[in-house]
Amino acid sequence: MELSALVSIIVPVYNVEDYLGKCVNSLQEQTYKNIEIILIDDGSSDGSEIICDQWEQKDSRIKVIHQPNQGVSKARNRGMTEAQGEYIAFIDSDDWIDGNYLNALLQSIEKYNVDLVVCGLQQHYSNGTSKYYSYKTGIIKIEQQFTNEFTNINKKFLFFGPYIKLYKRTIIQEHNIHFPPEYTYGEDLLFNYSYLEYVKAIYIVDQ
């Protein structure tokens with residue numbers, strides 16, 4: 001399938017000097033090239049703000065926004081107001097993604113004509129261990145299957161964050177979906193629940 005849609009990748013940044021380079025490098029080296037990378041520096045003071053500016057000079061697809069520290073929700077919300085892509089992906093600044101990540105998600109959302117794509121993730125710990133979370137590949141139609149499968153999907157922690165997902169910007173804009181800044185925990189889960197209200201079907205990629 002020939003893909004051409006612009007994908008906006010929103011990265012909230014706050015004092016992550018040790019991880020930011022690996023994160024942005026994994027975005028820059030995606031096999032799918034039609035992307036914009038929006039780095040929202042949320043008042044960093046450890047040098048992350050300088051790293052953001054350096055990346056912006058290296059790649060015209062990278063846009064940096066500096067703002068006083070307001071928290072991750074407002075940083076992500078600012079990123080959504082700046083995004084121009086047909087699709088939106090969120091990546092945390094201490095995460096990195098496989099080279100074919102965006103291509104796999106974009107292929108799925110367009111091929112199966114769904115409103116959301118979710119994939120698996122691997123968590124790496126400081127002691128050298130890691131843990132993998134995923135769910136079986138396939139389409140889940142909200143009105144038919146979702147109630148029965150929701151608990152099982154949540155056990156895999158796949159709806160607890162905005163990462164490992166590809167969203168449609170039109171749904172976010174038309175329904176004014178945002179991260180509630182008044183919450184410091186669970187705001188990403190609330191964002192996903194709000195988005196799911198307008199979703200007819202999702203596609204899960206077991207990768």
Side-chain angles (χ1 to χ4, degrees), residues 3-42 44 48-49 51-67 70-110 114-123 158-173 177-179 187-188 191-192 195 202-205 207:
L3 302 173
S4 60
L6 178 65
V7 178
S8 300
I9 309 170
I10 297 170
V11 185
V13 177
Y14 179 68
N15 289 352
V16 283
E17 182 181 21
D18 292 340
Y19 305 100
L20 185 57
K22 186 171 183 177
C23 171
V24 179
N25 187 62
S26 75
L27 306 181
Q28 187 190 40
E29 294 186 350
Q30 287 295 292
T31 57
Y32 187 76
K33 301 300 183 184
N34 192 21
I35 62 175
E36 63 170 1
I37 302 167
I38 304 172
L39 304 179
I40 309 293
D41 167 41
D42 191 40
S44 296
S48 296
E49 67 281 13
I51 296 173
C52 287
D53 292 336
Q54 291 171 342
W55 276 107
E56 187 177 35
Q57 295 300 314
K58 295 177 183 178
D59 192 329
S60 61
R61 299 174 300 172
I62 297 176
K63 178 180 182 179
V64 176
I65 297 170
H66 298 284
Q67 65 180 29
Q70 301 175 57
V72 67
S73 289
K74 287 192 174 182
R76 287 176 178 146
N77 290 339
R78 175 69 185 276
M80 287 191 290
T81 65
E82 300 288 339
Q84 299 297 311
E86 183 177 346
Y87 299 103
I88 289 180
F90 296 95
I91 305 295
D92 284 351
S93 49
D94 58 349
D95 293 343
W96 63 94
I97 56 178
D98 182 82
N100 199 47
Y101 174 88
L102 287 177
N103 185 67
L105 269 60
L106 190 57
Q107 288 273 4
S108 298
I109 202 168
E110 295 208 342
V114 294
D115 300 312
L116 178 69
V117 174
V118 183
C119 68
L121 75 153
Q122 192 170 34
Q123 292 183 334
L158 300 187
F159 281 123
F160 279 69
Y163 40 78
I164 65 168
K165 298 170 184 68
L166 193 62
Y167 302 86
K168 288 185 175 179
R169 185 165 67 97
T170 53
I171 292 178
I172 292 173
Q173 285 187 326
I177 301 170
H178 61 279
F179 293 88
E187 76 291 334
D188 43 10
F191 176 86
N192 285 331
Y195 186 89
I202 67 174
Y203 188 81
I204 294 183
V205 182
Q207 295 179 20

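All values derive from a computational prediction rather than experimental measurement. Throughout, residue positions are numbered sequentially from 1 according to the sequence presented. As a basis for the values below, the full set of heavy atoms in this structure was taken, side chains included, without hydrogen atoms, waters or symmetry mates.
Side-chain contact between L106 and L166: present, with at least one pair of heavy atoms (C-beta onward) separated by less than 4.5 Å. The shortest distance between side-chain heavy atoms of C23 and D95 does not fall below 4.5 Å. Side-chain contact between R78 and Q67 is present, with at least one heavy-atom pair separated by less than 4.5 Å. The side-chain heavy atoms of V72 and D42, taken from C-beta on, include no pair separated by under 4.5 Å. With contacts defined as side-chain heavy-atom distances shorter than 4.5 Å, the pair N192/K165 qualifies. Using a 4.5 Å heavy-atom cutoff, the side chains of E187 and R76 are in contact. Between I88 and I172, the closest side-chain pair of non-hydrogen atoms falls below 4.5 Å.
Considering only residues two or more places apart in sequence or on other chains, W96 meets the ring pair (Phe, Tyr, Trp, His ring centres under 6.0 Å) condition with H124. Residues satisfying the ring pair (Phe, Tyr, Trp, His ring centres under 6.0 Å) test with Y167, not counting sequence neighbours, are F90, F191, Y195.
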E86 and R169: salt bridge (charged side-chain N to carboxylate O under 4.0 Å, His left out), yes or no, with the steps? CA-CA 6 Å; E86 183 177 346; R169 185 165 67 97; over 6 Å; no

Test V64 against W55 for side-chain contact (heavy atoms from CB on, under 4.5 Å), laying out the working first.
CA-CA 9 Å; V64 176; W55 276 107; over 6 Å; no

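Under the 4.0 Å criterion applied to side-chain N and carboxylate O atoms, K63 and E36 are not assigned as salt-bridge partners.
By the neighbour-count criterion of 12 heavy atoms within 6.0 Å, atom CD of Q207 is sparsely surrounded, having that number or fewer from other residues, nucleotides or ligands.
A ring-ring contact (aromatic ring centres under 6.0 Å, His included) check over residues 5-30, counting only residues at least two apart or in different chains, returns nothing.
Between S93 and the choices L39, I51, D41, V16, the side-chain contact (heavy atoms from CB on, under 4.5 Å) rule is met once, by V16. Evaluated for a side-chain contact (heavy atoms from CB on, under 4.5 Å) with I164, the options V117, L158, I97 yield exactly one hit, L158.
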